[in-house]
Amino acid sequence: PYDGDRATFRTSAAVPGGFVGAVNVYAVTTDGQMATLNTAFSYTDARNLGPAPQIVRVEPNEGSTAGGQQASLTGTGFAPGALVIVGGRRAGNVRVPAPELGLFETPPGDPGSSDVVLTNLDGQSALLRDAYLYVPPPEIASITPNEGPATRITRVTITGSRFVSG
């Protein structure tokens with residue numbers, strides 16, 4: 001909803017390729033109103049970019065489908081402001097304390113292997129295929145016996161799948 005001059009709106013767009021240099025950015029509403037921000041975006045010469053980042057390892061390399069796992073990337077060429085994508089979903093709390101280290105929180109994901117992508121602000125990216133395994137939660141099928149006295153310990157057998165020993 002519009003709230004006078006205090007209204008703040010956010011959108012995203014794919015910027016097509018262009019000539020090296022600064023360009024104006026335009027926003028046009030459906031009724032034809034237009035706003036301009038002069039020299040707000042700059043095309044850079046790809047030959048002036050440093051080497052592309054590379055991901056060597058993700059640790060840990062597996063976690064819950066619920067996400068929320070603290071993880072790290074090791075490799076080269078990571079830059080502050082990088083974006084990390086795991087299984088097509090944006091990771092949270094991304095930090096790059098050093099060019100060889102990226103830290104992030106895994107997003108929720110579907111069971112199975114997922115690609116991990118790191119993209120620096122200069123647009124260069126690294127891909128490590130099948131680098132993170134989303135593990136579904138355990139499932140309980142039954143418990144035997146399914147009742148016991150409240151006054152003592154009852155040993156039970158739980159059957160199901162995806163249990164982890166320990």
Side-chain angles (χ1 to χ4, degrees), residues 1-139 162:
Y2 180 71
D3 186 20
D5 290 334
R6 295 187 316 254
T8 300
F9 298 94
R10 173 179 249 162
T11 190
S12 60
V15 179
F19 295 102
V20 173
V23 295
N24 298 339
V25 174
Y26 302 94
V28 181
T29 63
T30 55
D31 64 358
Q33 296 182 69
M34 183 170 68
T36 304
L37 188 57
N38 292 322
T39 64
F41 184 84
S42 293
Y43 288 102
T44 58
D45 187 340
R47 295 172 296 186
N48 293 335
L49 297 175
Q54 293 183 337
I55 301 171
V56 175
R57 183 173 49 247
V58 179
E59 291 182 32
N61 64 354
E62 67 177 47
S64 167
T65 55
Q69 173 85 35
Q70 297 299 314
S72 66
L73 301 174
T74 53
T76 59
F78 304 161
L83 171 71
V84 175
I85 303 289
V86 182
R89 296 183 175 127
R90 188 176 185 155
N93 201 21
V94 177
R95 298 165 322 281
V96 179
E100 304 81 23
L101 178 65
L103 305 172
F104 66 97
E105 185 176 296
T106 60
D110 298 323
S113 292
S114 294
D115 295 344
V116 175
V117 177
L118 176 134
T119 303
N120 285 333
L121 289 175
D122 65 7
Q124 295 187 94
S125 63
L127 163 69
L128 190 58
R129 292 205 179 278
D130 300 325
Y132 191 80
L133 177 65
Y134 279 106
V135 180
E139 290 184 11
R162 295 188 294 278

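Just so it is clear, the structure is predicted and the values come from calculations on it, not from any experiment.
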Please report, to 0.1 Å, the donor-acceptor pairs under 3.5 Å made by any side chain of residues 51-61, with sequence neighbours excluded.
from, atom 1, to, atom 2, distance (Å)
R57, NE, E59, OE2, 2.3

Item checked: Nearest atoms (heavy-atom pairs only) where S113 meets L133 -> N-CD1, 3.7 Å

Next item on the list: Return yes if some donor-acceptor pair links the side-chain N/O of D115 with the main-chain N/O of G87 below 3.5 Å, else return no.
Entry: no

Check: Can you name the closest pair of heavy atoms from E139 and R162 and give their distance?
Finding: OE2-NH2, 2.8 Å

Next item on the list: Supply the atom-to-atom distance L118 CG to L128 CG, rounded to the nearest 0.5 angstrom.
Entry: 11.0 Å

Item checked: By side chain to side chain contact (heavy atoms under 4.5 Å, CB included) - contacts of P108 (at least two apart) -> none

Check: Residues two or more places apart in sequence or in another chain: which of them pass salt bridge (Lys or Arg N to Asp or Glu O under 4.0 Å) with D130?
Finding: none

Item checked: N/O donor-acceptor pair under 3.5 Å between N120 side chain and A79 backbone -> yes

Checklist line | Heavy-atom closest contact (V94 atom, A91 atom, distance) | finding: CG2-O, 3.9 Å

Item checked: 4.5 Å side-chain heavy-atom contact, V86 and F104 -> yes

Item checked: By salt bridge (Lys or Arg N to Asp or Glu O under 4.0 Å) - contacts of R95 (at least two apart) -> none

Note to self: For a 4.5 angstrom cut-off between non-hydrogen side-chain atoms, does I85 reach T119?
What the structure shows: no

Notebook entry, point to check: Can you name the residues that form a salt bridge (Lys or Arg N to Asp or Glu O under 4.0 Å) with R90, not counting sequence neighbours?
Noted result: none

Next item on the list: Could you tell me whether a side-chain N or O of D122 sits under 3.5 Å from a main-chain N or O of Q124, the two making a donor and an acceptor?
Entry: yes

Item checked: Residue pairs fulfilling ring-ring contact (aromatic ring centres under 6.0 Å, His included) with at least one residue in residues 108-133, sequence neighbours excluded -> Y132-Y134

Next item on the list: Would you indicate whether the side-chain heavy atoms of V116 and V84 approach each other to under 4.5 Å?
Entry: yes

Check: For L121 and P80, which heavy atoms make the closest approach, and how far apart are they?
Finding: CD1-O, 3.7 Å

Notebook entry, point to check: Has the side chain of N24 got a donor or acceptor atom that lies under 3.5 Å from a matching backbone atom of T36?
Noted result: no

